[in-house]
There are 2 protein chains.
Amino acid sequence: MDLNQFLPYQLSILSLKISNGIAEHYQDQFGINISEWRVLVILYKNPDVTAKRIAQLTQMDKVRISRTLKTLVQKGYVAQRPHPLDARAKNYELNDRGQYLMRAVIPDALRYEEELLSQLTSDERDQLSHLIGKFNRILK
Amino acid sequence: MDLNQFLPYQLSILSLKISNGIAEHYQDQFGINISEWRVLVILYKNPDVTAKRIAQLTQMDKVRISRTLKTLVQKGYVAQRPHPLDARAKNYELNDRGQYLMRAVIPDALRYEEELLSQLTSDERDQLSHLIGKFNRILK
DNA sequence: TATTTTTTGTTTCAAATGAAACTAAATATT
DNA sequence: AATATTTAGTTTCATTTGAAACAAAAAATA
């Protein structure tokens, strides 16, 4: 009964450790916070997403998503268009400025990840990505 | 350059997924929030800890720790005593009520973890615990 | 040993957060 | 078709959060 090993606890500490370091860097370097970063990643990968879809993909609160999208539109990184099938929803996508931003941020992010992953063996890297995938499937 | 695979991002989503589910349960069942839970875990494992030590162990902000400890003392789960060597600091430890609480909470927490881990193979479980340990060493 | 710097922890205050209530539209039910 | 229910997203408001300023003690330096 070793609580030091308690998984959710360990995982949240680990996740905090990693994102604490990253958050400050993003703010200083690009003027975006973690919420904005998460939403930008989704928008970068997905052409037309609604707030609901972002909620599903990020596990973020809908209020937070609503406000983050508003900010990103105000900052001029994101375009919003009416949803063709649902008048309540909007489709969001990166505009040119957003694309440009992401092309600056991503290499930076990947460099950080690289630095972290370089300290794992190739087997460990495989295991890690396998485990993350598996957990995400388990947790719906 | 697959951002879906971006580790810090994946990890924070995963960690959120897991703790979102847990947080509500702890609040309903035991009236404690995640901050309190984290500090209680530390106090359960360590006999005499200061706020500083808790910060090191949990990655939590010092203001949050200060307030969480105050709450836990008020709720009657934690005793505080002057630090023998440093008049600025205090030593904290679970009192009887705190011990009693943890003996109720822990089996519950472990049951949840069990449920999660039962969906991994024995190899995957080993890999997971190895990886968490390794990351924690890498990240100081 | 007097003075400066650093460390530990708390308080203040402005910003971030999210539950609850709300609007408006879509879907289901009668 | 009319009405009720559910869904998508926003606003309000009370709470949580943490940066910055602070107090007090310890450690370092002169």
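A, B, ... follow the sequence lines: proteins, then strands. Residue 1 opens every chain.
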Heavy-atom pair with the smallest gap, counting every atom of B/Tyr26 and B/Ala109: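 Smallest interatomic distance, heavy atoms only, reads OH-CB, 3.1 Å.
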Protein-nucleotides 7-9 of chain D N/O pairs closer than 3.5 Å?
| unit_1 | atom_1 | unit_2 | atom_2 | d |
| --- | --- | --- | --- | --- |
| D/dT7 | O2 | A/Arg88 | NH1 | 2.2 |
| D/dA8 | OP1 | A/Lys52 | NZ | 2.5 |
| D/dG9 | OP1 | A/Ala51 | N | 3.3 |
| D/dG9 | OP2 | A/Lys52 | N | 2.5 |
| D/dG9 | N7 | A/Lys62 | NZ | 3.4 |
| D/dG9 | O6 | A/Lys62 | NZ | 3.1 |

Using the salt bridge (charged side-chain N to carboxylate O under 4.0 Å, His left out) rule, collect all pairs that involve residues 47-59 of chain B, keeping only residues at least two apart or in two chains.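 Only B/Asp48-B/Arg81 qualify under salt bridge (charged side-chain N to carboxylate O under 4.0 Å, His left out).
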Protein-nucleotides 14-16 of chain D N/O pairs under 3.5 Å:
none

Run the side-chain donor-acceptor check on residues 69-76 of chain A: report pairs under 3.5 Å with partners two or more places apart or on a different chain.
| unit_1 | atom_1 | unit_2 | atom_2 | d |
| --- | --- | --- | --- | --- |
| A/Thr71 | OG1 | A/Arg67 | O | 2.9 |
| A/Lys75 | NZ | A/Gly31 | O | 3.0 |
| A/Lys75 | NZ | A/Glu36 | OE1 | 3.0 |
| A/Lys75 | NZ | A/Glu36 | OE2 | 3.4 |

Just jot down the side chain to side chain contact (heavy atoms under 4.5 Å, CB included) partners of [X], sequence neighbours excluded, or say none.
| X | answer |
| --- | --- |
| A/Arg88 | A/Asp86 |
| A/Lys62 | none |
| B/Gln99 | B/Tyr44, B/Leu94, B/Arg103 |
| B/Arg125 | B/Leu117, B/Leu120, B/Ser122 |

Verify side-chain contact (heavy atoms from CB on, under 4.5 Å) between B/Phe30 and B/Asp108, making sure each step is shown before the conclusion. CA-CA 10 Å; B/Phe30 305 103; B/Asp108 198 80; 3.9 Å; yes
With the threshold set at under 4.0 Å for non-hydrogen atoms, list the residues of residues 71-80 of chain B touching DNA chain C in residue-number order.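 Nothing qualifies; none.
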Taking only residues two or more places apart in sequence, or in another chain, which ones meet B/Glu124 in a salt bridge (Lys or Arg N to Asp or Glu O under 4.0 Å)?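 Partners of B/Glu124 under the salt bridge (Lys or Arg N to Asp or Glu O under 4.0 Å) test: A/Lys134.
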Output the rounded distance in Å from CD1 (A/Ile34) to P (D/dT17).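 Value for this atom pair: 17 Å.
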B/Glu114, CD: over 12 other non-hydrogen atoms inside 6.0 angstrom: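 For B/Glu114, atom CD is not crowded (no more than 12 foreign heavy atoms under 6.0 Å).
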Would you kindly say whether B/Arg38 and B/Thr58 are connected by a side-chain donor-acceptor distance under 3.5 Å?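 Judged by distance alone, the side chains do not pair up.
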Does B/Thr50 have any side-chain hydrogen bond (donor to acceptor under 3.5 Å, both in side chains) partners at least two apart in sequence or in another chain, and if so, which?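 Applying side-chain hydrogen bond (donor to acceptor under 3.5 Å, both in side chains) to B/Thr50 gives none.
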Opening and closing nucleotides of DNA chain C in contact with chain B, under 4.0 Å to non-hydrogen atoms: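 Taking any atom under 4.0 Å from a heavy atom of chain B, the span is C/dT7 to C/dT12.
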